[in-house]
2 protein chains.
Amino acid sequence: MSKEEKILEAATDEFLTKGYDGARMRSIAESAGINKGLLHYYFKSKEALILKVFHSLFREIFSELSDIFNSELSLFEQIERGIGTYIEFLIQNPRIPFFVVGELNRDKKAHLRRMKEAKVPPPFMELGRSIEEARKRKEVKSDTTSREFILNMMSLMLFPFVAREMIMFTQQINEKEFEAMLRNRKKQVAQLLIMDLKVKAK
Amino acid sequence: MSKEEKILEAATDEFLTKGYDGARMRSIAESAGINKGLLHYYFKSKEALILKVFHSLFREIFSELSDIFNSELSLFEQIERGIGTYIEFLIQNPRIPFFVVGELNRDKKAHLRRMKEAKVPPPFMELGRSIEEARKRKEVKSDTTSREFILNMMSLMLFPFVAREMIMFTQQINEKEFEAMLRNRKKQVAQLLIMDLKVKAK
DNA sequence: GTCTATAATTTGATAGAC
DNA sequence: GTCTATCAAATTATAGAC
């Protein structure tokens, strides 16, 4: 692994756990096994470094989903598999959602500019279209809009990872119970969302 | 307003917008119209100050709900009103959820110790009990546990406020459209959750 | 209680040798 | 490319006058 890769790995870990303001360049250099000077040789500044890290993670967090929602599966199969796969991915990478959300709160403009330049497409566009098509075919019977649906889906999938500690407190459960609950959610969330689409609007 | 109150108000604003690591004692002193020395006279340290701020906000964010869920209304009315009132509260105080979540991620132990000392009860206990009672009376027919239900409810209510910027990007909408969507959610989220409780388990 | 002045430390970043 | 040494600025916190 090159020094540059080691730096990126160490920086990712530091930013994921401490956030931009809490992260320390010194700490990143130490973890990467190099000195501070070299950090600034490869990455001009702390800001430039986190932009790079954010960009990779944002791609990662949404690319998995794109594959599924662009597949040939039926809408309901896409949703079921998409949610299962995604929650499993989040169990393996639990800190990404809070980091991404926090960075966009801290400096939306800088990140969006960079993503625009790199032509990262906004996720879920494809899913939204599939839902509207299924609605025309009467497979979707509720009056939930695709936008509302996607927001509900994101909320149910991502919130437990963003607010892990808060949930463990309000529900008075420990790590083990929490993780068991997460695994259950794979089926449970898909079921809830699909029912919402299928139930007839009144 | 006393100097101490002015400090607390300024500190709340600073911590809500910048978080612990991003907040500056100098900035708080300026906003409060006092000097830095006085900050440390009233509050020993930055840490002590944020503990105080967190504690008040955490109480605030959950006390509204407790009133409703301890009322004499029927379960489904409690849920409907609780969600409506709460989302409206969040529209008025949109930064609280991200702050609370972030602080618990940063230093769970310190905050929990303080809340235990102050005997702040974990929220939603009452709601959980009501659901289980309604299940015995066959008013709740699904196999969704009360824990799962509460987690779904928190996710659907809080996530849009935690991840506001991310949602606006992924959905490609502006402030106005986002806020219209939030208002819609009052009814829409309640409807979805209640349906989940009423639908028969298969 | 409220202020000024300053201590003590830490931070991100740069200069320059090799 | 990689390192050492160091700068300049900013931070929290304290001491002490009034």
Side-chain angles (χ1 to χ4, degrees), chain A residues 1-57 99 102-111 113-114, chain B residues 1-57 99 102-111 113-114:
Chain A
M1 209 160 64
S2 72
K3 303 254 171 182
E4 189 174 358
E5 287 168 324
K6 279 186 182 168
I7 290 172
L8 273 175
E9 190 181 70
T12 301
D13 187 63
E14 177 80 358
F15 285 131
L16 277 176
T17 51
K18 313 271 184 63
Y20 179 79
D21 291 315
R24 296 291 166 246
M25 296 294 267
R26 193 172 63 82
S27 166
I28 293 172
E30 278 172 16
S31 300
I34 49 111
N35 63 12
K36 284 190 297 168
L38 204 57
L39 272 188
H40 288 86
Y41 172 76
Y42 281 110
F43 303 93
K44 195 177 61 203
S45 63
K46 187 182 183 183
E47 186 70 28
L49 184 50
I50 201 171
L51 279 175
K52 178 97 177 176
V53 168
F54 178 87
H55 195 211
S56 336
L57 290 179
F99 169 74
E103 271 306 291
L104 286 176
N105 282 348
R106 188 183 66 85
D107 190 352
K108 178 178 55 168
K109 283 186 186 170
H111 291 302
R113 195 180 329 121
R114 202 179 192 294
Chain B
M1 210 161 61
S2 73
K3 304 254 171 183
E4 188 173 359
E5 286 168 325
K6 279 187 182 169
I7 291 172
L8 274 175
E9 190 181 69
T12 301
D13 186 62
E14 177 81 358
F15 285 132
L16 276 176
T17 51
K18 313 273 183 62
Y20 178 80
D21 290 314
R24 296 292 167 248
M25 296 294 267
R26 191 173 62 82
S27 167
I28 293 172
E30 278 172 15
S31 300
I34 50 110
N35 63 10
K36 288 189 295 171
L38 203 56
L39 273 188
H40 290 86
Y41 171 77
Y42 282 110
F43 302 94
K44 196 177 60 201
S45 63
K46 188 181 180 181
E47 186 71 28
L49 184 50
I50 201 172
L51 280 175
K52 179 95 178 179
V53 168
F54 177 88
H55 194 214
S56 335
L57 289 179
F99 168 75
E103 270 307 289
L104 286 175
N105 282 348
R106 189 183 65 85
D107 190 351
K108 180 178 53 168
K109 281 185 188 169
H111 291 302
R113 193 180 332 119
R114 202 178 192 293

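Numbered from 1 within each chain, the chains take letters A, B, ... in sequence-line order.
- Between His40(A) and Lys46(A), the closest side-chain pair of non-hydrogen atoms is not below 4.5 Å.
- Note on Lys36(B): a base of the nucleic acid sits closer than 4.0 angstrom, heavy atoms only.
- Protein atom CG of Asp21(A) is 15 Å distant from nucleotide atom C1' of dT12(D), rounded to whole Å.
- The side chain of Arg26(A) lies closest to dT11(C) when the candidates are dT11(C), dC3(C), dT2(D).
- One atom, CD of Glu30(A), and another, P of dT11(C), lie 10 Å apart when rounded to the nearest Å.
- Note: CZ (Phe43(B)) to C1' (dG1(C)) measures 14 Å, nearest angstrom.
- For dC3(D), one of the phosphate oxygens OP1 or OP2 lies less than 4.0 angstrom from a side-chain nitrogen or oxygen of Asn35(A).
- Of the candidates dA13(C), dT14(D), dT2(D), the closest approach to any side-chain atom of His40(B) belongs to dT14(D).
- A side-chain donor-acceptor contact under 3.5 Å links Asn35(B) to the backbone of Leu38(B).
- If you check every strand for non-hydrogen atoms under 4.0 Å, Ala29(A) touches nothing.
- Phosphate contact (OP1/OP2 of dA10(D), side-chain N/O of Arg24(B), threshold under 4.0 Å): absent.
- Leu39(A) places its CG atom 13 Å from the C1' atom of dT14(C), with the value rounded to the nearest Å.
- Under the 4.5 Å side-chain criterion, counting only non-hydrogen atoms from C-beta, Met25(B) is not in contact with Glu14(B).
- In this structure, the NZ atom of Lys46(A) is 15 Å from the C1' atom of dA9(D), given to the nearest Å.
- Of the candidates dA13(D), dC3(D), dA13(C), the closest approach to any side-chain atom of Leu38(A) belongs to dC3(D).
- Under the 30°/60° scheme for interplanar angles, the aromatic rings of Phe54(B) and Phe99(B) are found to be tilted.
- Note on Tyr41(B): every side-chain N or O is 4.0 Å or more away from OP1 and OP2 of dT14(D).
- dA13(D) atom P lies 5 Å from atom CE of Met25(B), rounded to whole Å.
- Side-chain contact between Leu8(B) and Leu49(B): present, with at least one pair of heavy atoms (C-beta onward) separated by less than 4.5 Å.
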